[in-house]
Structure formats: structure tokens, C-alpha cells
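Data first, discussion second: the structure below is written as C-alpha cells.
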Amino acid sequence: MKILQATISPHLESILSEMGVGKDAWESLLQPSREASQGDLTLPCFPFASVLRKAPQAISDEIAGLFPQLEALASVSSVNGYLNFTANPEWLADAVLSDQVHIGSALENSGRTGETVLLEHTSANPNGPFHVGRARNAILGDTLVRLHRLHGDDVRAEYYVDDMGKQVGVLAWALDNLSEEDVNELLSEREPPSERWLTKADHQRVRWYQAAQILRKDADEERKAQIEKEIGSLVHASEHGDVAVLESFEAAYTPVLEGMLATLSRLGISYDTFTKESRFVVDGTVAKLMETLDGLQISDTADNGAGFLDLGQRGLKGKTEFFYRRGDGSSLYATRDVAYHMWKWGESNRLVNVLGEDHKLQAKQVGLTLEELGQKRPEVLFYSFIKLPEGKMSTRQGNVVFMDDLLEEAHAQASAVVRELRPEYDDDKVAQIAEAVGTAAVRFNIIKVSPEKGFTFRWEEALAFEAGSAPFIMYAHTRACSISKRAHALPTSPIQPPSADAMPEGLVELLRLMCKHNDVLERSVREQKAHLFALHMLELANAYNGFYRDCPVVKENEVDGFAFAISQMARELMRSGLEGLGITPIEEM
RNA sequence: GGGCGUGUAGCACAGCUGGAUAAUGCGUCGGCCUCCUAAGCCGAAGAUCGCGGGUUCGAAUCCUGCCACGCCCGCCA
């Protein structure tokens with residue numbers, strides 16, 4: 001709780017320096033208490049024992065005895081060598097009601113902090129429908145975009161379009177060379193495509209891609225060689241910046257990309273800018289970059305003319321050669337990525353990338369190369385893959401859960417719950433609530449766990465609507481909205497905070513959580529850990545439920561001004577916080 | 001073989017810049033709707049924090065060895 005810390009630190013400083021303990025020695029030790037029953041802030045006094053030649057308990061007793069009576073504090077206690085500070089709830093209430101807790105908005109750039117962030121996420125190959133395996137990147141990335149905005153940073157969400165190379169080449173070749181009958185025959189043993197997505201281009205075109213992949217693997221040797229030659233020449237042309245070929249690639253993948261973006265949009269995910277990989281080949285920056293790399297001290301040339309950097313000299317372990325140019329003179333994906341990052345540094349002063357754990361080595365190579373070029377490396381958030389209980393997902397093999405299907409199912413299940421719980425709602429209202437609840441549950445299920453944790457997708461967990469899920473937070477918010485609507489029509493007493501003794505536990509806990517709200521957001525954004533904020537929102541909603549239990553706002557058709565003011569503030573924090581998580585804060589459910 | 005990551009109640013997961021009784025949800029057991037939406041609230045049971053060693057006043061957290069799982073080690077993307 002930063003606001004409390006700022007209030008007590010000067011007093012601690014003067015007492016401890018008098019005793020002979022410098023600020024460096026204690027500042028980092030003062031931290032939030034583990035348990036609310038202990039207080040709000042705790043200073044363990046054990047480290048001072050050897051310096052002061054006194055028992056920890058004696059030291060904490062002494063500090064507690066010397067500590068002045070502050071309005072902000074309810075108590076300073078000394079227990080087992082720990083010095084515990086408990087905030088005065090009246091002071092917390094005052095902080096909450098005097099705009100010291102910032103609400104903010106996750107939906108637009110406010111420029112409040114003056115910081116700009118270019119956040120690249122998703123950047124999935126446009127070769128097929130968006131599936132759950134790819135979702136962690138997009139959901140994590142979009143949530144970070146939103147949290148940065150909520151924090152007050154100017155954010156640009158960027159999608160790097162992989163519009164060249166083999167994946168797109170295969171798709172383009174297949175669309176040019178295979179008929180619908182060819183495709184149906186090649187895929188006859190696969191599950192047929194869902195009727196539901198017959199008009200969605202990503203679901204249609206991925207079949208050409210899959211059929212081509214089967215041919216490349218199972219056709220007779222002569223046909224296989226012919227196909228590889230044709231695809232190879234397309235890829236080769238694209239990598240040398242052949243504009244006609246790149247345009248044919250674009251024609252092949254654009255409808256697929258549009259289908260993917262439509263899916264993402266349903267999850268509330270959108271991008272400010274799209275940058276095509278080929279851009280840096282066509283405009284010559286990649287060629288120039290390769291010349292620059294040739295001139296570096298750690299650069300070397302292989303027998304066939306390929307260029308590489310020996311990153312072992314810069315501390316890379318394992319395989320130390322980083323190839324940036326093929327023997328035929330063309331660039332590699334990673335080379336273009338370096339060029340892309342050089343460009344990005346011209347666009348923003350903070351770069352954040354969201355990448356799968358399989359890109360760790362690659363990202364390290366790109367980072368070291370950027371440093372070698374006198375540039376900074378970007379911040380990278382790595383995440384582990386989402387697997388199915390039966391194994392890894394793969395677009396090529398077709399064992400995936402499509403996000404479109406998951407969202408339909410989520411909507412259907414949410415809809416069933418709403419109909420059962422609220423039989424009086426009409427169809428439109430049910431649909432609107434079901435859409436918000438269903439997509440929120442899917443997002444939250446992924447956001448709430450830390451990214452490096454391996455994740456197995458399970459339907460029943462993605463579609464949980466109880467405590468610990470998004471609908472739990474949404475529900476607390478609707479309660480606050482419901483109170484707000486009722487209270488506005490009734491006479492309201494002046495805002496008169498009760499004395500600390502008269503404040504019930506549920507109220508005090510809510511005040512604490514609200515005072516911590518900005519701290520958690522700040523840390524969440526600084527460390528790129530969306531799950532910290534997600535879990536805090538769960539706690540905030542839980543605390544609101546406790547407040548709801550203990551503090552009736554409307555009593556006998558009169559509104560308690562103080563309780564109402566707290567409720568309204570909590571409502572605002574829940575609303576903006578939900579938006580920060582990409583959840584639609586509906587008012588009724 | 002080398003590098004990186006993960007291992008915490010039946011299940012899932014937080015805590016990992018060392019601090020008190022290891023937090024939360026699901027599941028299990030028990031209680032609460034004449035009162036602001038019960039998608040809620042209250043209570044109970046349930047944990048050798050993968051295993052061994054070390055550092056420390058103090059280790060889930062730091063160091064080290066081992067075990068299990070995941071990802072990577074292409075002139076692919």
C-alpha cells in the first residue's frame with residue numbers, strides 16, 4: 001500500500017537513523033503484510049539485531065514505542081520481532097473518497113504517464129483459423145495493451161504479418177494448383193468442416209493448406225519433387241522481394257487473416273497497426289542490414305558464402321553461430337526480424353513482444369544482434385503452449401480446437417445459465433449477456449495463470465462461471481450497478497464516514513483492496529504480469545461481496561451517503577478493471 | 001549431450017527481489033433467500049511446497065546434486 005508507505009516512511013527514517021540504521025538497510029524490508037490480521041505493512045526487525053546488538057523483539061518494541069500517533073494509523077504493534085502497521089480505516093476511506101485512487105480507462109490512450117509502448121503480439125501465420133493454441137499470445141498481448149492503457153501509457157498494438165516464406169507459399173500454391181475436388185479427396189479421412197463456418201474464408205482456405213501439406217508428405221516421389229520445386233521457387237522469389245509473387249501471396253492470405261481478425265474481434269482484441277515482413281525486403285533495409293552485419297567484428301562467412309555472427313563471443317551458450325544470410329544471398333526470418341526491430345525502435349521508446357517459448361533462442365539471437373548494432377533489446381514476455389489433453393495442437397494436422405467453436409460453445413452454455421437464472425429476460429438480453437459472459441470466461445481462464453506455466457485446455461475450465469472466474473467479477477459489478485440505479489431515485493443522507501470501530505469487516509477489507517488497486521496495476525504493467533491484476537480483480541470482487549453483505553446501502557428507502565459513495569467508487573474500479581482485462585462490464589446479468 | 005522453463009492439498013493455481021499459521025478456486029461435507037441480483041455469503045475437512053545436501057537468526061523462495069515433464073539447440077518460419 002504505497003500511500004500508507006509514503007506516510008510512515010519519513011517517521012521510520014528519523015527513528016531508525018537515530019538508532020543507527022540507515023535507510024538502505026530497512027527500506028526494502030518494509031512490505032505489505034502477509035495476512036490482513038497482522039496489519040497492512042510489516043517491518044521485520046531481525047536483520048538489525050546483529051548491528052544493534054539487541055534482540056529483534058526489543059528493537060521492534062523500541063520503534064513501536066517511539067512511533068508518533070498518526071491519523072493514518074490505527075495501530076503500530078510489535079509481535080515476535082515484527083513491527084506491524086495497521087491503517088486507520090477512516091483514513092483509508094478518506095483516501096478512497098478524495099480521488100487518491102485513480103480509476104483510468106483501458107479503452108483509449110490518455111498519455112497520463114508520458115510513456116509510449118509498442119506492443120507486438122499474436123503475429124500468427126495467416127494460414128488457417130485462429131485456434132486455442134494460438135490464443136494465449138493474443139489474449140495475453142491484448143490484456144497487456146489494455147493494462148498499459150489503464151495505467152496511463154500510450155500504447156500501439158501491432159500485428160507483424162508473416163507474409164512471405166514457406167507457410168504462406170504453401171497456401172498460395174495450393175489455391176493455384178488444387179481444385180475443390182482435389183482438396184475434398186485429400187481430406188476425405190479428416191473430420192468434415194463444420195457447417196457453421198462454410199462462409200468463413202479462414203475455415204475454407206485452411207483446407208487447401210492442409211491438402212497441400214498431405215501431398216508434400218504422401219504424394220509419389222516425382223510429384224513431391226515437382227511440388228517442392230514450385231513452392232521453393234515461389235518462396236525464393238518472395239525472399240528476393242519479387243513484388244508479383246508477394247502480391248499473389250497477399251491475395252491468398254488476406255481473406256484468411258480477415259477471418260482470424262473477425263474471431264479475435266469477438267474476444268475484444270484489435271490492433272492499431274499491421275506491419276508486413278516483406279516491407280523490409282522490398283524497401284532494401286534488409287539488404288543494407290546484411291551489409292552492416294558483414295562489417296561487424298564477430299561476423300564471418302561460411303564456405304558457400306553464407307553470413308553468420310559468432311554470438312559465442314557475446315556470451316551465447318550452445319550453438320553460437322547465428323546465420324543472417326543464406327549461401328544464395330537471401331535473408332532469413334531472423335534477419336528480417338532484426339530489421340523490423342531496428343525500425344520499431346524508431347517508432348517507440350519501449351518495445352514489448354509477446355512470444356511463445358519456442359522463440360526463446362531466436363529472441364536471444366535477435367537481441368544480441370541488436371546490441372551489437374548499438375541498439376537496445378526489446379522486452380519479451382514468453383509463454384508456454386496450450387495443449388489439448390490428448391496432445392499438442394497443430395493446424396497442419398488438424399487436431400485443434402477452433403476459437404470460433406469455443407466461443408460458440410461458451411455463448412451457448414452462458415445462454416443456458418442465464419435462461420435458467422433469469423427466466424424473465426427476453427431473447428436479446430439473454431444473447432447480449434451470454435456473449436459478454438462467454439467470451440469473458442474464455443479470456444479470464446487464460447489470463448489468470450502465469451504465462452510460463454504449461455497449460456492444458458479443458459472445456460469445463462474454460463466454461464466455468466463460478467467464483468474464481470470472470471463472471472464472478474462481473475456479477476459483483478452488476479450488484480454495484482443495481483445499487484447505483486436504485487439509489488439515484490431515493491433520498492440520500494450526507495456522506496458521513498462512521499468511526500473506525502463502527503466499520504464492519506467487509507467495509508474495511510474493501511477499502512484496503514481499493515487502496516492497493518493502483519499498486520497492483522503498476523506492478524502488473526511494470527513486470528508484464530497480467531495475472532497479478534486478474535487475481536487482484538478477483539479479490540476486489542470478493543471484497544465487494546463482503547461489503548454488500550455487511551453494509552446495506554439502501555435502508556428503508558433511504559440511501560446511506562457514505563456507503564453509497566464507497567459502492568460507487570468500487571463500481572468504477574471494477575468497471576475500468578474489467579475493461580483492462582478485456583471483459584465487457586455489463587450492468588445486468 | 002547442452003541451454004531455458006515447470007514441479008505447491010484429489011484437481012487447477014497464487015506466493016519465488018528470503019520473514020510469522022503456505023493464499024485462492026473447483027471438488028467433498030455442513031449452514032444461509034419475507035431484507036440492495038443466491039452467477040452470492042458463512043463454516044469444516046484436506047499440503048512430507050518433486051527428492052537429497054548447503055547458506056542463513058529464518059528457506060516454498062537463494063546455491064548445489066539428482067528425478068520427472070515441457071520447449072529449444074535448421075543456411076525453416
Side-chain angles (χ1 to χ4, degrees), chain A residues 28-29 31 33-35 37-38 42-47 49-50 55-56 79-82 84 125 162 164-169 235 277 302 304-308 316-321 323-328 330-334 336-337 356-362 364 382 384-385 387 392 414 417-418 420-422 433 437 445 448-450 452-456 458 460-461 464-476 478-487 490 506 531-532 535 538-539 541-542 545-546 548-556 559 563-564 567 588-589:
Chain A
S28 64
L29 292 171
Q31 54 199 251
S33 306
R34 283 282 166 124
E35 308 246 341
S37 60
Q38 292 156 354
T42 294
L43 183 72
C45 295
F46 305 92
S50 60
V79 185
N80 301 331
Y82 295 90
N84 292 327
N125 271 317
D162 198 349
M164 48 193 296
K166 199 151 267 177
Q167 306 245 19
V168 182
V235 172
E277 186 181 344
N304 66 351
F308 66 90
L316 188 70
K317 289 178 218 159
K319 193 209 167 219
T320 61
E321 292 164 346
F323 280 88
Y324 58 85
R325 189 185 51 227
R326 290 198 187 91
D328 71 359
S330 64
S331 63
L332 287 113
Y333 176 82
R336 288 167 238 142
D337 207 23
E357 61 179 340
D358 56 336
H359 280 67
K360 275 188 183 176
L361 176 61
Q362 166 101 44
K364 182 126 196 179
F382 292 106
S384 292
F385 291 115
K387 295 174 300 186
K392 203 174 159 179
V417 172
V418 181
E420 192 188 326
L421 261 29
R422 313 278 181 257
I433 294 169
V437 167
N445 181 237
K448 72 175 178 187
V449 311
S450 56
E452 67 276 11
K453 201 79 112 184
F455 192 104
T456 302
R458 293 187 180 88
E460 62 274 24
E461 280 167 20
F465 300 149
E466 302 134 314
S469 73
F472 175 83
I473 310 171
M474 298 168 85
Y475 186 70
T478 62
R479 279 179 151 180
C481 289
S482 169
I483 287 177
S484 180
K485 272 180 219 151
R486 272 199 62 172
L490 294 168
H531 73 282
L532 294 180
L535 295 168
L538 235 26
E539 285 183 53
N542 185 244
N545 285 333
Y548 185 89
R549 177 194 68 221
D550 290 347
C551 291
V553 173
V554 180
K555 275 180 275 192
E556 286 144 23
V559 176
F564 183 46
S567 179
E588 286 175 292
M589 63 186 275

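Lettering of chains follows the sequences in order, A, B, ..., and the numbering in each one begins at 1.
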message: Strictly under 4.0 angstrom, non-hydrogen atoms only: write out the protein contact profile of nucleotides 68-77 of chain B, one letter per nucleotide from the 5' end, B, S or -.
response: --BSSSSBSB
message: Partner lookup for B:C69, please. Criteria are Watson-Crick or G-U wobble with both distances under 3.5 angstrom; report none if nothing qualifies.
response: B:G5
query: How far, in whole Å, is B:G15 from B:G5 if one measures between their P atoms?
result: 16 Å
- request: Would you classify A:Glu539 as touching base, sugar-phosphate or nothing, given that sugar-phosphate means primed atoms plus P, OP1 and OP2, and contacts are heavy atoms under 4.0 Å?
  value: nothing
- prompt: What do you reckon, do A:Phe46 and the base of B:G58 stack, with centroid distance below 5.5 Å and planes below 30°?
  reply: no
field: Closest heavy-atom pair and its distance - A:Ser484, A:Phe564
entry: CA-CE1, 3.8 Å
- request: Do nucleotides 23-30 of chain B as a string where each nucleotide becomes B, S or -: B if the base has a protein heavy atom under 4.0 Å, S if just the sugar-phosphate does, - if no protein is that close.
  value: --SSS---
message: So A:Val168, base contact, sugar-phosphate only, or nothing? Heavy-atom distance under 4.0 Å.
response: nothing
task: Scan A:Ser50 against the nucleic acid and name what it touches under 4.0 Å (heavy atoms): base, sugar-phosphate only, or nothing.
output: nothing
statement: Testing B:A14, B:C41, B:A39 for proximity to the side chain of A:His531, the answer is B:A14
message: Heavy atoms only, 4.0 Å cut-off, all strands: where does A:Val553 land among base, sugar-phosphate and nothing?
response: base
Identity of whatever pairs with B:A47 - Watson-Crick or G-U, under 3.5 angstrom: none
task: Could you check which nucleotide pairs with B:C16 in any of the strands shown, counting Watson-Crick or G-U wobble with both distances under 3.5 Å?
output: none
message: Syn or anti for B:C33, given that syn means the glycosidic angle lies within 90° of 0?
response: syn
query: Contact class for A:Cys481 vs. all strands (heavy atom < 4.0 Å): base, sugar-phosphate, or nothing?
result: nothing
- request: Describe the nucleic acid contact of A:Ile433 in one word from base, sugar-phosphate, nothing, applying a heavy-atom distance below 4.0 Å.
  value: base
Protein-nucleotides 16-18 of chain B N/O pairs closer than 3.5 Å?
none

